[in-house]
Protein chains: 2
Amino acid sequence: MRMTRQRQVILEVLKRSKDHPTADDVYDRVRKVLPKISLGTVYRNLENLTADWVIDRIENAGGQNRFDPTTTPHNHFRCVQCGRVEDLPFEVPLPEQIPDETWTRERKVIGSKFEYYGLCSECYRLNAGKKIFRKERL
Amino acid sequence: MRMTRQRQVILEVLKRSKDHPTADDVYDRVRKVLPKISLGTVYRNLENLTADWVIDRIENAGGQNRFDPTTTPHNHFRCVQCGRVEDLPFEVPLPEQIPDETWTRERKVIGSKFEYYGLCSECYRLNAGKKIFRKERL
DNA sequence: ATAATTGCAAACAGTTTGCCCCTAT
DNA sequence: ATAGGGGCAAACTGTTTGCAATTAT
């Protein structure tokens, strides 16, 4: 991987971000430094950096993906209303080994993912009392 | 919600599926019974059924959403290569309560999600020895 | 020198929507 | 009878790709 100015700035922006920005977010922030960069370049770099494990992609089918400068294991809280992703400020005690060996032997288990979901503080305040997550729960 | 023939068949197809089909998958299967149904109708129904908690949408993955006829809590294994989602054939011991009360008070935590990911048995066999998940791991 | 990378635009995939007709209640 | 739902196509959003020009190594 060549270290171009674009890649450098994208990476800096990302490493400085604590909010797990979307590709658009990154694009907007990078453009303040490199106004002529194209969205395609941002996508290509996010892809390459993800492939090389420099950053992490938080996937979200249907909506926008988000990118995480932290590649060491940690867990997230996801807002089901606005899509915001926050790091959990505490550890979650997760099982260290998979109980079923027959199951494990048949596939390659690479890792696991845990997250809480709900309403972030802002959406919670804005929606106090309203039923907004699907129809009848919350 | 009116019970139309289309909704009925979509629901039947889904309840019979153990593989967490995508909207396309559902469309293909439903078309064997109702060849004239439109993809839009399938999407609209999957959306409504999800909103009414009749089915579940599996959305934190790349690519297409998948749909799950089981709405009671259970966990998944996701293949990072083909996207397939399987139910885990065992229970995962997850934390029952969130350790940090200050954190909890500020937002509305609705639930949590846990999954293993890796290569399903088919992709594992096909890719034995190859490095296919991102660049240098596996 | 040359292979990787860029900007740009066009293409793509998945999903949603508007409109007008139809049908379950 | 009438509001909710269907079919169809067009629109939309997020992401990827082809190409010719540029740049890090």
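Chain naming here is simple, since letters A, B, ... match the order of the sequence lines and numbering starts at 1 in each.
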Within less than 4.0 Å of OP1 or OP2 of C:dT16, is there a side-chain N or O belonging to B:Y43?
no
Hey, is the side chain of B:R44 pairing donor to acceptor with the base of C:dG18 inside 3.5 Å?
yes
Atom-to-atom span, CD of A:E47 to P of C:dC12 - whole angstrom
19 Å
note: A:D28, atom CG; D:dG14, atom P; distance rounded to Å ~ 12 Å
Ranking B:R66 and A:G40 by the position along DNA chain C of their nearest nucleotide, the one closer to 5' is A:G40
Determine yes or no for a side-chain-to-main-chain donor-acceptor pair under 3.5 angstrom, with B:N48 supplying the side chain and B:N45 the backbone.
no
Tell me, which of residues 3-10 of chain A have any heavy atom that sits under 4.0 Å from an atom in DNA chain C?
A:T4, A:Q6, A:R7
Respond yes when some side-chain nitrogen or oxygen of A:N60 is under 4.0 Å from OP1 or OP2 of D:dG14, and no when none is.
no
Starting from P on C:dA13, measure out to CG on B:D24 and report it in whole angstrom.
11 Å
For atom CD of B:E91, is the number of surrounding heavy atoms from other residues, nucleotides or ligands below 6.0 Å larger than 12?
no
Go nucleotide by nucleotide along DNA chain C from the 5' end; which of B:T41 and A:R2 gets its closest nucleotide reached first?
A:R2
Rounded distance (Å) that lies between atom P of D:dC8 and atom CG of B:L34
12 Å
Whether over 12 other heavy atoms sit under 6.0 Å from A:R84 CZ
no
For A:I58, which fellow cluster members are found when Ile, Leu, Val, Met, Phe, Trp and Tyr are connected by side-chain heavy-atom distances below 4.5 angstrom, either directly or through intermediates?
A:V85
Length of the CG-P vector between A:N45 and C:dT5, whole Å
8 Å
Please check the phosphate of C:dA4 (OP1 and OP2 only) for any side-chain N or O of A:N48 closer than 4.0 Å.
no
Does D:dT15 have its OP1 or OP2 closer than 4.0 Å to a side-chain nitrogen or oxygen of A:N65?
yes
Measure the distance from CG on A:D25 to P on D:dG14 and round it to the nearest whole Å.
11 Å
Can you see whether A:H20 engages A:D25 through a side-chain donor-acceptor pair at a distance of less than 3.5 angstrom?
no
Tell me whether A:R29 is salt-bridged to A:D19, with the criterion being a basic N under 4.0 Å from an acidic carboxylate O.
yes
Indicate the ring-plane relationship of A:W103 and B:F77, choosing parallel, tilted or perpendicular according to the 30° and 60° boundaries.
perpendicular
